[in-house]
**Student:** 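Below you'll find the structure I mean.
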Amino acid sequence: MKSMLSLSDVSYVYHTKRGETHALDHVSFDVAEGEFYGIVGPSGSGKTTLLSVLAGVLKPTSGKVSVDGKEGTLGAVGYMLQRDQLLEWRTIRKNVLLGLEINRSLTPDNLAYADNLLKKYGLHEFSSSYPHELSGGMRQRAALIRTLVLRPKVVLLDEPFSALDFQTRLSVGDDVHRIIKAEGLTAVLVTHDISEAIALCDKVAVLTPRPATVKSVFDIDIAENHDTLARRDDPEFAKIFKRIWKELEVHEEEIGESLSPQIPTQSTS
Amino acid sequence: MKKKSVSPSHLKYLRNQRRNKGVVVTCQLLLVVLFLGLWQLLADKGVIDSFITSSPAKVWTTFAQLAKGDLWRHVGVTLMETVVGFLLSFVIGTVVAILLWFSQTVRRVLEPYLIVLNALPKIALGPLIIVWIGAGKEAIITMAVLISVIITIINTLTGFISVPEDKLLLMKTLGANKWQTLWKLVFPSSMPTITACLKINVGMSWVGSIMGEYLVSKAGLGYLIVYGGQVFNLSLVMCSTVILCALAGLMYLAVAIVERVVTKAMGL
C-alpha cells in the first residue's frame, strides 16, 4: 500500500522566556493509505506539538511532513480537536459548512456533498438544530462531518472522545471508526488511552517522553474485525495492551524519579 | 410552546408561579402609590416644606405647564445627545477594540494609557472640552462619549481576548485568516459581553449628557434641573428628574429588547 502521510526526521523546538524545549526529536513514521494509525505516549510527551505539526499549524524546525507525496499538510489534513468545538450560535448545518465558508468553496457540489454526509450519518433532521439540542455523541459526529466535507486525505484525531463519559466514549469511538473506514480515509489518532488506541487502530506507535521520538510501532493483529467493541473482548487485546503498557513503563524507569512525566493510569476496560 | 396534557401537580406549580409574579408586581405598584401618597400627605399637612421638597401634585402641575410649553424640545435635546453619545461610544469603542485585538504589540503599548484614562474622572476634562469644541451640544455629546468609550473598549477587548484557545485553533486548522476569525468566531462569541456592556452604557451616556448639560447648555433636561435649582423651583427639578428616570428606563428596555432579538437570532 502506498504511503499517505509521511514524516521524516521531524524535530520541533519551541522557545519561551525560560529557554528552549525540544518537543520532537527526529520523529519519522509512515501511514499507509486507508490505515488507522494510533499514537500513544506519556502526557507531556509532545503529542499536541506533533499534532500541530501534522495539521500544518506549526512548521517543523527541521524535517519534512508530506501528504500523498506533497510536502505541507494544511488543507490536505482534517483536524478533529479535543471536544467537538461546535459553534453554539450556528445550526448544525452551518457548523458543518464552516470550513467551506472559510475556503470560499460553497459550491453546489460541495453543499450537496455536505447534505449527503448529514443524511448518511443520521444528522439530516437536525440540520437546523443548534448544538446544545444534540447529545454528546451526535455533536461529535457533526464535528467529524465538518472535517469530512473538506475532503481531507488524512483525518487527525486529538483525543476527540476525552470529554465524553465512558459509555458514550465507547460508542462514539466505534461510530467515528466506522465512518472513517466507510469513507476510506487515512486517520491518525493521538491518545493517552492505550485501550482506545488498540480498539480503533491498525497500528500503534509509542512515543518516548520529551523530546518525543518514536520508540516502537505495534501492529494490532486482532482478527479482521471492524467492530471496535468486539475487538475489546478479543483475547489478543489484553496481550497487546500489556506489551504497550510495558513499553510506556520502561520510560519511567529510564528517567527515574526526577521530572518524569507521569504515565496516565489506565482503566482496563 | 406545544400543548401537552398537564398533570395536576404541574398546573398547581404554574398557578403558584403566576400568583408569585402577581404578588411582586402588586407590591411594586403599591410601593410607588404609598411613596407618592405619603409625600403628598406630609406636604399637605405641612410636616415637610413643599417649597423645598415639592409634592406630587406640584410636580404634576409643573409637568402639565411644561408639556404645553417647550418640554418636548428639552426632552428631545437631551435624548438626542444621549442616544448619539451612546451610539458613537459603541461604534468607536468596538472599532478601537477590534484594532487592539489585531495587534498584540499595539495592545501592550496602549494598555497603561487605557488604564489611566479609565480611572480619570472625565468631568475633569469639561473645561478643556468647552474650550476646544465650543459650548454647544457637540461638547455635551463629547462628554457622553468620553464617559463610556474607554470602558467599552476595555470590556469589548476582554470579551474578544477570552475566546477559548481551542476554538481559535479550530479556525487555524480550517485555514481562516484574521478577518474570518474575527467575524465568524470572535465577534459572535463576544456577543454576551458586548450586550452587557451596552446595558451599562445606557446609564453612562445619561450621566455624560446630563453632566455635559450642567457645564454648558441652553436647553435639555439637565439644563432644566440646573435652572430649577438656581431659581429654587424644586418642582421643576423633581419633574425633570422623574422624566429622566422614565427615559433612562425606556432606553434600557430598548437595549434589552435588542439583546433578546440578537441572542434569539443567534440561536442561543
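Just so we're on the same page: letters track the sequence lines, and every chain starts at 1.
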**Student:** Return the minimal non-hydrogen interatomic distance between B/Ala265 and A/Tyr130, and the atom names on each side.
**Tutor:** O-OH, 4.0 Å
**Student:** Are more than 12 heavy atoms from other residues, nucleotides or ligands located less than 6.0 Å from atom NZ of B/Lys12?
**Tutor:** no
**Student:** Less than 4.5 Å to any heavy atom of chain B: does that hold for the side chain of A/Glu101, its backbone, both, or neither?
**Tutor:**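 Both backbone and side chain.
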**Student:** So does B/Arg260 have more than 12 non-hydrogen atoms from other groups sitting under 6.0 Å from CZ?
**Tutor:**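 Open: at most 12 neighbouring heavy atoms sit under 6.0 Å from CZ of B/Arg260.
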**Student:** Quick check for you: to the nearest 0.5 Å, what is the distance between A/Ile102 atom CD1 and B/Lys172 atom NZ?
**Tutor:**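 These two atoms lie 13.5 Å from each other.
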**Student:** Roughly how far apart are A/Leu100 CG and B/Leu174 CG, rounded to 0.5 Å?
**Tutor:**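 Between A/Leu100 CG and B/Leu174 CG, I get 9.5 Å after rounding to 0.5 Å.
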**Student:** Could you tell me the separation between the CG atom of B/Leu170 and the OH atom of A/Tyr79, rounded to the nearest 0.5 Å?
**Tutor:**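 It is 10.5 Å, given to the nearest 0.5 Å.
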**Student:** Could you give the distance from NZ (B/Lys167) to CD (A/Glu88), rounded to the nearest 0.5 Å?
**Tutor:** 6.5 Å
**Student:** What part of B/Thr181 gets within 4.5 angstrom of chain A, counting heavy atoms only: side chain, backbone, both, or neither?
**Tutor:**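 When you check distances to chain A, no heavy atom of B/Thr181 falls under 4.5 Å.
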**Student:** Does a side-chain heavy-atom distance below 4.5 Å link B/Gln180 with A/Arg104?
**Tutor:** yes
**Student:** Check each atom of A/Leu156 against the heavy atoms of chain B and say whether the ones under 4.5 Å are side chain, backbone, both or neither.
**Tutor:**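 It is neither, since no heavy atom gets under 4.5 Å.
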**Student:** What distance separates A/Leu81 CG from B/Leu169 CG, expressed to the nearest 0.5 Å?
**Tutor:**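 Result: 5.0 Å between the selected atoms.
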**Student:** What do you reckon, is OH of B/Tyr13 surrounded by more than 12 foreign heavy atoms closer than 6.0 Å?
**Tutor:** no
**Student:** Side chain from CB out, backbone as N, CA, C, O: work out which of these in A/Arg83 comes under 4.5 Å of a heavy atom of chain B, or both, or neither.
**Tutor:**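 Neither the backbone nor the side chain of A/Arg83 comes within 4.5 Å of chain B.
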**Student:** Nearest 0.5 Å, what's the CE-CG distance between B/Met171 and A/Leu87?
**Tutor:** 7.0 Å
